[in-house]
Participant: 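There's a structure below that I have some questions on.
Being a predicted model, the structure only gives us computed values, none of them experimental.
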Amino acid sequence: MSDRINDDSDVDTYTGGLRTASVSAQFKVASIKRQREMLPIFRHRQALLYIVETSPVVVLIGHTGSGKSTQLTQYLYEEGWTSESKSIACTQPRRVAAMSIAARVAQEIGCQVGQTVGYSIRFEDMTSSSTRIKYLTDGMLLRELLVDPLLSRYSVVIIDEAHERSIYTDILLCILKKVIRKRNDLRLIISSATLQAEEFASFFGPDTKIVSIEGKSYPVDIVYLSEPTDNYVERTIQTILDIHNEEPEGDILAFLTGREEINTVVEEIVNRSTTDSNRQARLLPLPLYAGLPQDQQIRIFDPAPEDTRKVVVATNIAEASVTIDGIIYVIDCGFVKLRAYDPASRIESLVVSPVSKAAAIQRAGRAGRTNPGKCFRLYTSQAAEKVLPDVSVPEIQRTNLAGPILQLKSLGIENIAKLDMIKPPPTDLVVNALEILFSFGALDEYGKLTPGIGERMAELPLDPMLSKVLLISQNLGCMDQMMKIAAMMSVENVFYRPENDRTAAEMEHLKFTVDEGDHLTLYNVYQAFTVRGKGSSKWAHDKYLNYKSLSRAVSVRNQLARYLEKLGINVTGSTSLPTANVETIIKCLVRGYFANAAIMQPDGSFKLVGSQKIVWPHPSSVMYTRSAEWVIYSQVIELGDKTYILGITKIERDWLLEAAPEYYHVRRGRA
DNA sequence: TTTTCCGTG
């Protein structure tokens, strides 16, 4: 599926041509050359190379299907920008994109991935000394800046999909602005959608050139509601049935905000279309969201059977991450779930918000990839104009900055407030992050990285709290267990609970559950998978566990071991120690999560220590059906009108005082 | 009391 999941359609628009097997190698080379020359960007090859030669910063507006992600790197390579052992870097906000684009470009150049063309993402480095074109995630390039502050090994850096404004893209652009002042020979290319191009150009100053390249797509008719709806889920169902009864054949893609809405629509379509005998053709509704196991996700790529119309009901995963061929109709509900973070309460939330105009354009475009299409927007044209924001708030302005600030400190950037950013983060987010890092002992009272713990925390690719736990585990003798717990906490959707098989799944999951809580339950699952299950997918499937998540956890554990070894910690020695007891492991967790303590109330809710806020155990937690007194939790999130804690483990009150005497000294009595 | 948008090191 990697050749179909990408963030830019220019990777797979022409894979069809490559499936003509059994042709001679020479013909294939000629065919690839011809396909490359048919892409819209090819006409601009010379002009682009001239602009890059003469301007330090170029903003490239490349529409979907223009070929920018795959071709620009090759043009620069062919033109000699990689002589003198320099390379070209091209960043992507998503791992799958870095992998699949690298695979495509390697094929076009005629090399193995990892030779002239390679990629680098967390836990996977597919590059070698001969790599000249390197695709990597934006977070990975930021990591590289830690060891090579001037990016001396690169002659050109391309920041692709910059309009998505991931937090790492924003930080990279801020640092790259400094780097290009010191390196006259470095070129920076920022690839962006139309609406944001001007903002990037003005950030980099008057010498910046803007270039626009047309794309390869078909016209899409936009249809609005004449009156607003107060129930977009029901309206989605009706619109699907209307399209089915009135419009010519072609598959449908409907955008909704979450799993629950998606399941409602899928069920209702099944129910209502069987009673609706107007047409012979049937409807085949398929759900798509990130939490769905992979074997079910890939069903959306199967062509619909004869006389059947496929309806993919998806979250915004289908907006950029997943591209489905053959979509003619798009239904856009006009909303999206966005993550926010409140530094005062330190609580994250997921809130249903109006989509941005930029996202609405992207959604509509999904209908015109292979044929002219039609997009039904479930809001009025007035709302589209007046209510929708132009672009959504950049991630750096709505997220917990503790991790990113730790990394910036490690880059030697002391005064975060003075950074020249496109949109700087609000002061309270920065202050909050500094306070969190100070309470861990990662920063001293002057805001400087502490030599022992802070410097080491910055090296680990984990949440600061979890980094702290892992580093402390060495002293407590439970590093082997903690590496596995940290790995399991870094992957998502370990447990699989299908709607129609829920009881059976819950019975299987119960076999791993322990009364102490979620963290030790995760440890049990890891042990069972690697020892009894021998890492097999059948074993995982039988136990209703997500095989892909478990395999990733194993690879994360191994990578963590390598990071710790690099920090001079003897990992192999520690794994041969006698097994640490349960109390030691929990005490170790408390050393990192001491600020996340709560007490259970008689009604089953929890009161957070400090804020006194009332929260509920999330139904995914083992504490949902168990009782406790004192607990620590690893996540708190507000969903709708309720706040939940997840990753819960029972503790003793005294362990909090023991783990953080200074922190709890001032608060004693308030809990 | 009955379940989570998408990403990243």
Participant: Less than 4.0 angstrom from a charged side-chain N to a carboxylate O is my criterion; do Lys650(A) and Asp515(A) meet it?
Facilitator: no

Participant: Please classify the nucleic acid contact of Arg502(A) as base, sugar-phosphate, or nothing, using heavy-atom distances under 4.0 Å.
Facilitator: base

Participant: Quick one: which of dC6(B), dT4(B), dT8(B) gets closest to the side chain of Glu260(A)?
Facilitator: dT4(B)

Participant: According to side chain to side chain donor-acceptor pair (under 3.5 Å), who are the partners of Asn493(A), at least two apart in sequence or on a separate chain?
Facilitator: none

Participant: Applying a 4.0 Å non-hydrogen cut-off, can you work out what Glu492(A) is touching in the nucleic acid: base, sugar-phosphate, or nothing?
Facilitator: nothing

Participant: Return no unless some side-chain N or O of Thr315(A) is found under 4.0 Å from OP1 or OP2 of dC6(B).
Facilitator: yes

Participant: Before accepting this row, confirm whether a basic side-chain N of the pair Lys68(A)/Glu161(A) lies closer than 4.0 Å to the acidic partner's carboxylate O.
Facilitator: yes

Participant: Assign Tyr289(A) to base, sugar-phosphate, or nothing according to its heavy-atom contacts below 4.0 angstrom with the strands shown.
Facilitator: sugar-phosphate

Participant: Check the phosphate of dT8(B) against Arg143(A), side-chain N and O only, distance under 4.0 Å to OP1 or OP2. Yes or no?
Facilitator: no

Participant: Across the strands shown, which category fits Leu639(A) at heavy-atom distances under 4.0 angstrom: base, sugar-phosphate, nothing?
Facilitator: sugar-phosphate

Participant: Does this structure show an ion pair linking Glu261(A) with Lys337(A), if we count only N-O contacts that are shorter than 4.0 Å?
Facilitator: no

Participant: Does Ser620(A) or Tyr563(A) map to a spot on DNA chain B nearer the 5' end, using the closest nucleotide for each?
Facilitator: Ser620(A)

Participant: Report the residue (Gly291(A) or Arg497(A)) whose heavy-atom-nearest nucleotide on DNA chain B is the more 5′ of the two.
Facilitator: Arg497(A)

